[in-house]
Amino acid sequence: MRLEPIVAGNWKMHKTPSVGVYFVEETVNLLLDIKHVSVIFAPPFTGLIEMDVKPPFYVAAQNCHWEDHGAFTGEISVSMIRDCGSDYVILGHSERRHIFGESDEWINRKVDAVLSGALKPILCIGETLDQRESGQTQRILKTQLEQGLAGVDSIENILVAYEPVWAIGTGVTATTDQVEVAHAAVRNILRELFPGSDDVHVLYGGSVKPDNAEELIQVSGVNGFLIGGASLDVDSFTSIIRTVEKDQMRILC
Ligand code: 13P
């Protein structure tokens with residue numbers, strides 16, 4: 001049976017807290033009848049405390065530090081995020097890896113901290129264009145999963161997001177074949193690392209838009225989306241969620 005899909009909107013460094021609250025209220029009001037999709041909003045840290053949503057709507061932070069407190073100027077800990085009422089933390093996003101130099105080892109410490117703090121990591125992985133063109137995609141995905149999840153006993157509370165770096169914010173979406181192959185690879189690696197992990201969600205991210213959501217959600221192994229640009233606009237975000245809901249209803253019927 002297909003997993004119930006999850007659609008997450010990663011706002012990155014967009015929306016002030018007041019704009020974010022208004023956006024979430026508007027979005028939730030338009031989606032009150034949604035039954036088969038969970039929706040996650042990931043505002044900047046400054047917006048977390050203002051978010052007040054109930055299932056099937058959830059809130060994610062976009063990053064955290066692995067220590068609980070201390071002299072780490074500019075950082076935010078898991079207990080601070082939990083105290084804001086958040087449910088998830090996005091970790092290892094390609095912008096954290098490539099702009100801010102986060103290593104798999106750091107990401108692994110954060111995964112551990114998020115799990116210890118009873119929140120759920122959304123672990124992002126994905127290859128660069130160079131790595132894809134030199135045939136390294138599967139090796140990179142394996143390394144990022146092995147190292148990011150090192151020492152993790154149970155993967156039950158973890159979501160994985162496959163986001164090819166070259167498709168993020170570029171308008172270039174991976175083809176359905178590329179997405180299918182990558183998701184199958186991710187699933188196989190997860191099975192090797194965590195036998196019985198087939199109910200772990202693997203989301204796709206990278207230029208998901210209203211006009212490609214329908215074909216992407218039908219790709220085998222895609223259990224939902226992690227969306228950047230199109231999650232900032234009420235119409236495009238709700239349209240993608242409705243597409244995913246419709247597709248899930250089609251499968252359930
Ligand atoms: P875009 O949807 O803007 O390509 O961003 C994807 C992403 O990075 C989500 O985390």
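For the numbers below, each heavy atom of this structure counts, side chains included, while hydrogens, waters and symmetry mates do not. Nothing here was measured: the structure is a model prediction, and the numbers come from that model. Order of listing sets the numbers, starting from 1, for every ligand and every atom in it.
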Residue pair Val28, Lys54: steps toward the side-chain contact (heavy atoms from CB on, under 4.5 Å) verdict: CA-CA 10 Å; Val28 168; Lys54 293 186 194 61; over 6 Å; no
Could you walk me through whether Glu105 and Ser103 pass the side-chain hydrogen bond (donor to acceptor under 3.5 Å, both in side chains) test, one step at a time? CA-CA 5 Å; Glu105 195 220 324; Ser103 64; 4.8 Å; no
Full working for side-chain contact (heavy atoms from CB on, under 4.5 Å) between Leu226 and Ile40: CA-CA 9 Å; Leu226 180 55; Ile40 303 175; over 6 Å; no
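Residue Ala167 places a heavy atom under 4.0 Å from ligand 1. Under a 4.0 Å heavy-atom criterion, Gly206 is in contact with ligand 1. Under the 4.0 angstrom criterion for non-hydrogen atoms, Lys209 is not in contact with ligand 1.
No salt bridge links Asp87 with Lys120; every basic N to acidic carboxylate O contact stays at or beyond 4.0 Å. Taking 4.0 Å as the cut-off between side-chain N and carboxylate O, Asp33 and Arg242 count as a salt-bridged pair. Arg250 and Asp247 are joined by a salt bridge, as a carboxylate oxygen and a charged side-chain nitrogen come within less than 4.0 angstrom of each other.
Below 4.0 Å from some heavy atom of Asn10 lie the following atoms of ligand 1, by number and element: 9 (C), 10 (O). Within ligand 1, the atoms closer than 4.0 Å to a non-hydrogen atom of Gly169 are 1 (P), 3 (O), 4 (O), numbered from 1 in the order shown. Annotation for ligand 1: atoms under 4.0 Å from non-hydrogen atoms of Leu226 are 9 (C), 10 (O). Per-residue contacts place Ser207 under 4.0 angstrom from the following atoms of ligand 1 (heavy atoms of the residue considered): 1 (P), 2 (O), 4 (O). Residue contact check: His93 has heavy atoms under 4.0 Å from atoms 7 (C), 8 (O), 9 (C), 10 (O) of ligand 1.
Here's the thing with Glu95: none of its N/O atoms is less than 3.5 angstrom from an N/O atom of ligand 1.
Side-chain N or O atoms of Glu245 include one that pairs as donor or acceptor with a backbone N or O of His36 at under 3.5 Å.
Phe41 and Phe57 have parallel rings, their planes meeting at less than 30° on a 0 to 90° scale where 60° marks the start of perpendicular.
Ranking the protein heavy atoms by distance from atom 3 (O) of ligand 1 puts Gly229 N, 2.8 Å first. When hydrogens are left out, the protein atom nearest atom 2 (O) of ligand 1 is Gly228 N, 2.9 Å; that is the closest non-hydrogen contact. In terms of protein heavy atoms, atom 9 (C) of ligand 1 is closest to Glu163 OE2, 2.9 Å.
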